[in-house]
Amino acid sequence: MIKAVKGTRDLLPPSTQTWNRVEEAARAVFRSYHYHEIRTPILEETQLFARGVGEETDIVTKEMYTFEDRGGTSLTLRPENTASVIRAYIEHRLDQRPGVQKLYYIGPMFRRERPQKGRYRQFYQIGAEAIGSESPVVDAEVIAMVIDLLERAGLEGFQLLINSVGDANCRPQYVARLREELKPVAPSLCGDCQRRADTNPLRVLDCKVEADQAAIDRLPTILDHLCDPCREHFEAVKRYLCGLKIPFAVRPRLVRGLDYYMRTTFEVVHGSLGAQNSVLGGGRYDGLAESLGSKVHAPGIGFSIGEDRLVMSVEDTHKPEPLDLLIAPVGESALRTSLEIARHLRAASAASVELAPQGKLKRVLELADKLGARFALIIGDDEMANARYGLKNMSTGEQRELSLEEITAALE
RNA sequence: GUGGGUGUAGCUCAGCUUGGUAGAGCGCUGGAUUGUGGUUCCAGUGGCCGAGGGUUCGAAUCCCUCCACCCACCCCA
């Protein structure tokens, strides 16, 4: 038997209703902030991610679906969408358009990781980018938007974490300092941390091993080493968020796994998601365009929501979408009329109408019950002769002989 | 890439310790006489017991190997 490939899955009804509800909520919020949709290809040249996301990141070194095209170019299934959006921004000279470019996207991403709860090889992201401004006001507004989105989607009990990771000016100095401070304590830390202390000191801050926490708490934090412009930027973002009454927690140890982030970074976490408790991540990436070869400066900030995780945590008990009307033709001769009436009613009302193509009346009414239909419409020889059809209310059992006009009215 | 757990009917699972070639509930199909559902009753459908090998007269059950899925590490959304 052929099955869905590892880490991918079929989204079936009624769960797809939740997905659609979440996406509709997202589009409504994006619309209210005047963001517009962008759709970029799922396939890009490998170079785009290597340079955009970072040559040394885990995503690029071991998680990408990369293959050689028949023409010989190396292509990659997108592991994230920000690099593509910036590529499109540069390629189509969106910097020439008026104002800050506000773009959103919804779609699948691909990373070849070991699947687990809330983590899939094909997963969906809902994200947005505001490109063309360095102002901290934009940071605050992007964060406000994502909070509105989560609430509109029905998520409760989440927590917003923010931090600043500095810029090309102050971060390297901080990392050097961190490396120094780690040297004496590293041997007493866990195995992972000993390795990270050398390869990627920032990640030590992310360590969850209980025994290491005391030592890690004594390490210098990035926030104490921000350069003046970065510190002012961060202070402004926090001020704006307070003004908006958006609760947040500063997490000086919050570091992101993609190289392009600078200054503001943020994350939203939610319990009951298992180990993958991060619903969304985002941040500012003022140097990304240049590292992709752009001559124009294109500072920006964005986020991406893990849609699979969001859906998982707002998913209520799936009830199938109820059916408004099931038509039950009695006898062969009623089939044609039923087909015509079904189409007429769909056009004349907003109701969902289904036609039972076969079965005894008893079975069809049983089906109506199982489908949760509000009404059943019985069409047989007598009904056709009188042009009045039996509309049965499935919850009360009451049945009346009505004309098509009366039926249409009853369905509203 | 590393660890742990689980694989028996469409779904949720029992049976495995103490080997005797398969069970429940739900679902699905049909019946309780003609064109009227929900409840009830009856019947039916349905499984190469994840795959392969070994031990044995005999394996879902014991042993070995492999595979798949889930969870966790790592990393991230």
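The chains referred to below are lettered A, B, ... by the order of the sequence lines, with proteins before strands, and numbering in each begins at 1.
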| said: Exactly one of A/Glu181, A/Glu180, A/Gln173 should register a side-chain hydrogen bond (donor to acceptor under 3.5 Å, both in side chains) with A/Arg177. Which one does? | reply: A/Glu181
| message | Using the side-chain hydrogen bond (donor to acceptor under 3.5 Å, both in side chains) definition, which of the options A/Asp167, A/Thr265, A/Asp139 pairs with A/Arg284? | response | A/Asp139
Can you name the atoms? Protein N/O to nucleotides 68-71 of chain B N/O, anything below 3.5 Å, with the distance.
{"unit_1": "B/A68", "atom_1": "O2'", "unit_2": "A/Lys3", "atom_2": "NZ", "d": "3.1"}
{"unit_1": "B/C69", "atom_1": "OP2", "unit_2": "A/Lys6", "atom_2": "NZ", "d": "2.7"}
{"unit_1": "B/C71", "atom_1": "OP1", "unit_2": "A/Lys117", "atom_2": "N", "d": "3.4"}
{"unit_1": "B/C71", "atom_1": "OP2", "unit_2": "A/Lys117", "atom_2": "N", "d": "2.8"}

Mate of [N] where both pairing distances stay under 3.5 Å, Watson-Crick or G-U:
{"N": "B/U40", "result": "B/A32"}
{"N": "B/G23", "result": "B/C13"}
{"N": "B/C70", "result": "B/G4"}
{"N": "B/C62", "result": "B/G54"}

How is [X] classified with respect to the nucleic acid when contacts are heavy atoms under 4.0 Å: base, sugar-phosphate, or nothing?
{"X": "A/Leu280", "answer": "sugar-phosphate"}
{"X": "A/Ser395", "answer": "base"}
{"X": "A/Val279", "answer": "sugar-phosphate"}
{"X": "A/Gly390", "answer": "nothing"}

| field | Under 3.5 Å: donor-acceptor pair, side chain of A/Ser338, backbone of A/Ala334 | value | yes
| Is there a donor and acceptor pair closer than 3.5 Å between the side chain of A/Arg111 and the base of B/C76? | no
| task | Treat primed atoms plus P, OP1 and OP2 as sugar-phosphate and everything else as base, then score nucleotides 26-36 of chain B 5' to 3': B for base contact with protein heavy atoms under 4.0 Å, S for sugar-phosphate contact only, - for none. | result | --SSSB---BB
| Is the A/Tyr104-A/Phe30 ring centre distance short of 6.0 angstrom? | yes
| field | With sequence neighbours excluded, residues passing salt bridge (charged side-chain N to carboxylate O under 4.0 Å, His left out) with A/Arg251 | value | none
